[in-house]
Amino acid sequence: QTSTAAPSETCELDFSGLCFPEDATVHVLDQGEVPMKDLRVGDLIQTMTLQPVKNNNQTTKQDEYYYTDHYQPIYAFGHYQPDQEEEYLQIQTKDNYSNMKFLTISHRHMVFLYDKKNPVAAESIQLGDVLQSDGGSPAKVIQIDVVTKRGLYAPLTPDGTLLVNGIQASSYVSLQPTAHEFVEWRQGGTSATTTRTLLSQQNFVHWATAPLRLLCPSSRRPAILCQPQDHTDGMPYYVYYGLKLAHWTDQQRSGMAQLV
């Protein structure tokens, strides 16, 4: 059964929903499964990316891809609030071997569907959907609940992905409240609104965070601009003000659409 509830302002409406709880785990090289609360900048964590199939060094078809697992360093935390309690979606899945996996994730944080290139906002996931799990195998969604858990954590990796409890997730959140996969442009007034997709939320945020990847070396002593701050809701300055700008821009665009 799927439960629904309005996301909190702290983690969602202010675009700070780059969140996993403290007990969500990732696989750290030479350490095994490690909970979010014990992760540190510089840890090498397991990620999974989609690579094009190539024959004789040439891609055969645009839609032919395969998944590769590898380890990448955490270069910063997009969100780090150990003492905060927050509302999450708890997504229960079952793979082809009847193994259960539980992914606990904030509403607008993005997760990958099976055999789909772009991730989607977790709040758009429905019962029966199939998520991408470790090894490129499918994991069918059999239950979704709303839970309250401690901690807000968002490890950022160079390729913008990570495996959380064995499920492939994005490092990023969907920046627009009504857009689950693609950046949307709304045109027309309330009676005649059209949507034109431009590029994926994943690619847009990954492009926008490129300066952060240059500023933040994946060392144990990150630069001050890369460190979460108490007065910026546990986010680095770049992330905090970047999300504020995205929020303002989306509001301005929506307001202008009402005047057309």
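Computed from a prediction, not measured in an experiment: that's the story for all the values here. Just so it is clear, the values below take in all heavy atoms, side chains as well, and ignore hydrogens, waters and symmetry mates.
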For the side-chain contact (heavy atoms from CB on, under 4.5 Å) test, which of L103, V130, I167, I142 pairs with T93? I167
I need the S137 OG to Y97 OH distance, nearest 0.5 Å. 8.0 Å
Closest heavy-atom pair, A122 versus V111, reported as atoms and distance to 0.1 Å, is CA-CG1, 4.2 Å
More than 12 heavy atoms of other residues, nucleotides or ligands under 6.0 Å from CZ of F204: is that the case? no
Look at the rings of Y172 and H206 and say which category their plane angle falls in: under 30° parallel, 30 to 60° tilted, over 60° perpendicular. tilted
When rounded to the nearest 0.5 angstrom, what is the spacing between CE in M110 and CG in N118? 8.5 Å
Measure centre to centre between the rings of H109 and F20, then say whether the value is under 6.0 Å. yes
Looking at residues at least two apart in the chain, or sitting in another chain, which of them share a side-chain hydrogen bond (donor to acceptor under 3.5 Å, both in side chains) with N96? none
Interatomic distance, Y80 atom OH to L39 atom CG [nearest 0.5 angstrom]: 8.5 Å
Run Q202 and S170 through side chain to side chain donor-acceptor pair (under 3.5 Å) and show every step you take. CA-CA 8 Å; Q202 174 77 6; S170 169; 2.5 Å; yes
Aromatic rings Y71 and H27: how do their planes relate, parallel, tilted or perpendicular, breaks at 30° and 60°? tilted
Going by side-chain contact (heavy atoms from CB on, under 4.5 Å), name the residues that satisfy it together with Q90, two or more places apart in sequence or in a different chain. F102, T104, V147, K149
List in chain and number order the residues that pass side-chain contact (heavy atoms from CB on, under 4.5 Å) with D38, two or more places apart in sequence or in another chain; answer none if no residue qualifies. V34, P35
So how far is it from S174 OG to E123 CD, rounded to the nearest 0.5 Å? 7.5 Å
Please check if the number of heavy atoms outside K101 that lie under 6.0 Å from its NZ is greater than 12. yes
Take Q176 and Q201, measure what side chain to side chain donor-acceptor pair (under 3.5 Å) needs, and give me the verdict at the end. CA-CA 9 Å; Q176 296 174 297; Q201 293 280 342; 3.1 Å; yes
Rounded to the nearest 0.5 angstrom, the CZ-CG distance for R108 and L89 is 12.0 Å
Atom CD of Q143 and atom CD1 of I91: how far apart are they, to the nearest 0.5 Å? 11.5 Å
Evaluate the salt bridge (Lys or Arg N to Asp or Glu O under 4.0 Å) criterion for residues E86 and R150: first the C-alpha distance (whole Å), next the side-chain angles of each, then the deciding distance (0.1 Å), finally the verdict. CA-CA 6 Å; E86 193 53 66; R150 183 182 177 90; over 6 Å; no
Assess the side chains of Q46 and H70: does a donor N or O sit below 3.5 Å from an acceptor N or O? no
